[in-house]
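As structure tokens, the structure follows; a few thoughts come after it.
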Amino acid sequence: MPRGSRGPMTEYGRGAGSEPWHPEDPLYGDQGWGAQQAASGQAPYGDQQAHQQYAQQQPQHPQYQQQHPQQAQHQQHPQDPYAQQNQQQAQQQYGGQPQQGYPQEQYVQQAQYNAGWDTGQQAAMPYAGQQPDGYTGYGAETQDYYGTPEAYPPPQPPNQRRTVPEQAPEWTPEEPEAEPEPEKETHPFFTDGADSDADEDEPRSSRRGKGGKGKGKKKGKSGRACLVLVVVFSLGVGGAGYFGYQFWQKKFGTAPDYVGTGSTPIQVEIPQGAGGYEIGGILAKAGVVKSQGAFVSAQNDNPKGKTIQAGVYTLNKGMSAANAVAAMLNPTSRSNFIIPEGKRNAWVYEQIDKRLELKPGTTKDVAKAQAKNLGLPDWANDNKEIQDPLEGFLYPASYPVAKGAKPEDILRKMVSRANSEYSKVDLKGMSVKLGLKSPLQVITVASLVQAEGKYKHDFDKVARVVYNRLKPGNTETYGLLDFDSTVNYAKAESTLDTGAVKNLRDFHHPYNTYYIHGLPPGPIGNPGDSALHSALNPTPGPWYYFVSVTEDETLFAVTNEEQNQNRKKYEQGKSGQ
């Protein structure tokens, strides 16, 4: 091979021949670079295998090993067949010893240079200034052929030339460390969870050797994820817009409404405590108004719309919301059943029969048969002589009684209302404080106050008269109440002319207070709030008698003589009318 040309080189820096360069070779005497070395007392270049083996036994420069760890590994590969064969030949030719005078570091430098030349990477600068002790070959003045750009590797013998291309080295030159890439999205929505986990477990070089297949796969999945995201976002925006429009129409848009006053009459019951939305829903379900929203809007527009009360209203189907509100504010459309204060149960039963168009006496019979099932408290039936267990428990109030209702249902509502009102005060505790035997007697006193006291401003003093007459030691009435109201209750009458006192005392009836001492067995009517309050809080005073002279004046007396004088005033006023 002519000088100046490059032949194939192995990882050890020379051709991969099986035999050393023999002197009989025609090119043995070539005065090339190897001959110059021989002239200087060094071994010819052709025996580089032996020197290479020798160099392998010497420590490599730590900095060079750190920069090229894989290259150093190739230089000291223990299993290379060419290295083992060349080593044996060198030992046979040189007697198993390296040539004297051959600088050790030079072989190291040559091995380093040759290894770097074979990989196509520039070799490291040899450290010529760091010669070992006893160096006898190269001097400081000797030219360093590897330090010049014109240096070429020596020619190889013909019998050692390789015709088969050498395999690529097992390692690749290190690339400059790339700047850290920005952190990629690792959310499972954008990437495949399995691929991401596999890539994390593989080394960086393994991932780089995939040829970008993984990246292409992730890119495709990211595209599909973006498409899904766009679709979901579009659906979300569209759905939100639709439901938002529906909400706006329901809350702020014009609600559907009828026009006019309607035609077919219908009764609608509004429960106690119902608000605008509940009322509107009831009317819309009954067909009175077209929508709940229309009624609520009309109620808000009417200054008195919030004053609509519970009850039964006679309205028309197909009314405009404004007309429905106006009709409910008109008392004539309200068909509630109202129990006035002080009314007896007999009156209530008769009115329910008329309202429900039932046979007279129907509600009274139901009350007698169903008394225990209508919700009365335990202490309501503490006396066997009670004429009507429901007396005093059909609380005076307004009740919705629509056509088709059952009498027991209406009575149950009235008893429930009474229990609610009576539970607001401590009837048991107050009965003991007032010297009464039971809570039922408190209601009985209240019914007497309601019946005897003609005007509410007199209730407190009338209640005091009751308690004073009940005192066992009083010498004015001796425990007798002497109330005409009890006689009327016993006789189911309502008159001021009950007859002479002597005749009344001969009327033997448990409710006749001219005959019995103390309170009657039970209430004689249904007292209201004012009468109950006065029964619980009587005004202190010594009065035993009273008489109403006019609507605005009631005269109270302590003694019977004073009472007779007041009675004359009452008779004079009555005769003067």
Side-chain angles (χ1 to χ4, degrees), residues 242-340 348 351-358 363 366 374-375 394-421:
Y242 173 78
F243 288 107
Y245 174 77
Q246 294 295 326
F247 177 81
W248 177 269
Q249 284 293 103
K250 182 180 291 186
K251 297 297 183 181
F252 306 105
T254 302
D257 196 2
Y258 291 123
V259 178
T261 58
S263 56
T264 306
I266 184 175
Q267 283 190 340
V268 181
E269 180 178 347
I270 305 301
Q272 189 73 27
Y277 281 98
E278 185 176 357
I279 297 174
I282 294 173
L283 296 181
K285 185 177 181 180
V288 176
V289 297
K290 193 169 185 179
S291 66
Q292 180 187 52
F295 177 83
V296 173
S297 179
Q299 184 187 36
N300 292 332
D301 293 340
N302 194 308
K304 296 182 179 180
K306 300 295 185 181
T307 62
I308 296 177
Q309 299 178 3
V312 175
Y313 293 86
T314 301
L315 304 172
N316 296 329
K317 287 187 175 182
M319 300 180 69
S320 67
N323 287 330
V325 172
M328 298 181 76
L329 293 174
N330 189 345
T332 59
S333 66
R334 190 180 181 191
S335 55
N336 273 20
F337 177 59
I338 300 175
I339 301 178
V348 176
Q351 296 301 317
I352 293 177
D353 288 342
K354 291 179 180 179
R355 179 62 65 90
L356 300 180
E357 299 178 356
L358 300 175
T363 303
V366 171
L374 298 178
L394 303 183
Y395 200 81
S398 176
Y399 298 95
V401 179
K403 293 181 180 180
K406 296 182 179 181
E408 55 267 32
D409 294 337
I410 299 173
L411 296 176
R412 189 174 288 108
K413 288 181 180 180
M414 296 175 179
V415 174
S416 176
R417 176 66 181 275
N419 291 333
S420 176
E421 296 296 332

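Positions are given from 1 along the sequence. Here the structure is a predicted model, which is why all the values come from computation and not from measurement.
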Side-chain touch Asn336/Gln309, heavy atoms, less than 4.5 angstrom: no

Starting at NZ of Lys413, measure out to CG of Leu394 and round the result to the nearest 0.5 Å. 14.0 Å

Show the nearest heavy-atom pair for residues Ile410 and Ala405, with the distance to one decimal. CD1-CB, 4.1 Å

From CA spacing to verdict: side chain to side chain donor-acceptor pair (under 3.5 Å), Asn323, Ser320: CA-CA 5 Å; Asn323 287 330; Ser320 67; 2.9 Å; yes

All heavy atoms of Pro400 vs all of Glu269, minimum pair found to be CG-OE2, 3.1 Å

Within the side chain of Gln299, is there an N or O that forms a donor-acceptor pair under 3.5 Å with the backbone of Gly305? yes

Spell out, as yes or no, whether a donor-acceptor pair under 3.5 Å connects the side chain of Asp353 to the backbone of Thr363. yes

Is there a side-chain contact between Leu283 and Met328 in this structure, where contact means two heavy atoms from C-beta onward sitting under 4.5 Å apart? yes

Residue pair Ala255 / Ala294: nearest heavy atoms and the distance that separates them: CB-N, 3.4 Å

Donor-acceptor pair, Gln272 side chain versus Ala310 backbone, under 3.5 Å? no

Chi angles and distances behind the salt bridge (Lys or Arg N to Asp or Glu O under 4.0 Å) call for Glu421, Arg417: CA-CA 6 Å; Glu421 296 296 332; Arg417 176 66 181 275; 3.2 Å; yes

Would you say Phe337 and Val348 make side-chain contact, with heavy atoms under 4.5 Å? yes

Measuring from atom CE of Met414 to atom CG of Leu374, what distance do you get when rounded to the nearest 0.5 angstrom? 11.0 Å

So how far is it from Tyr313 OH to Thr332 OG1, rounded to the nearest 0.5 Å? 11.0 Å

Measure the spacing between NZ of Lys406 and CG of Leu358 and express it to the nearest 0.5 Å. 12.0 Å

What's the shortest heavy-atom distance between Ala286 and Ile266, and which atoms? O-CD1, 3.9 Å

Is there a donor-acceptor pair closer than 3.5 Å between any side-chain N or O of Gln267 and the backbone N or O of Lys403? yes

In Å, rounded to the nearest 0.5 Å, how long is the span from CG of Leu329 to CZ of Arg334? 11.0 Å

Value for CD1 (Ile270) from CD (Glu278), rounded to nearest 0.5 Å, stands at 8.0 Å

For Asp257 against Met319, the heavy-atom pair lying closest together: OD1-O, 4.2 Å

Spell out, as yes or no, whether a donor-acceptor pair under 3.5 Å connects the side chain of Asn302 to the backbone of Val325. no

Sub-3.5 Å donor-acceptor pair from the side chain of Thr264 to the main-chain atoms of Lys317, do we have one? no

Test side-chain contact (heavy atoms from CB on, under 4.5 Å), reference Ile282, set Val268, Val289, Val288, output is Val268

With side-chain contact (heavy atoms from CB on, under 4.5 Å) as the criterion, how do Ile338 and Ser398 come out once you've worked through the C-alpha distance, each side chain's angles and the decisive distance to 0.1 Å? CA-CA 4 Å; Ile338 300 175; Ser398 176; 3.8 Å; yes

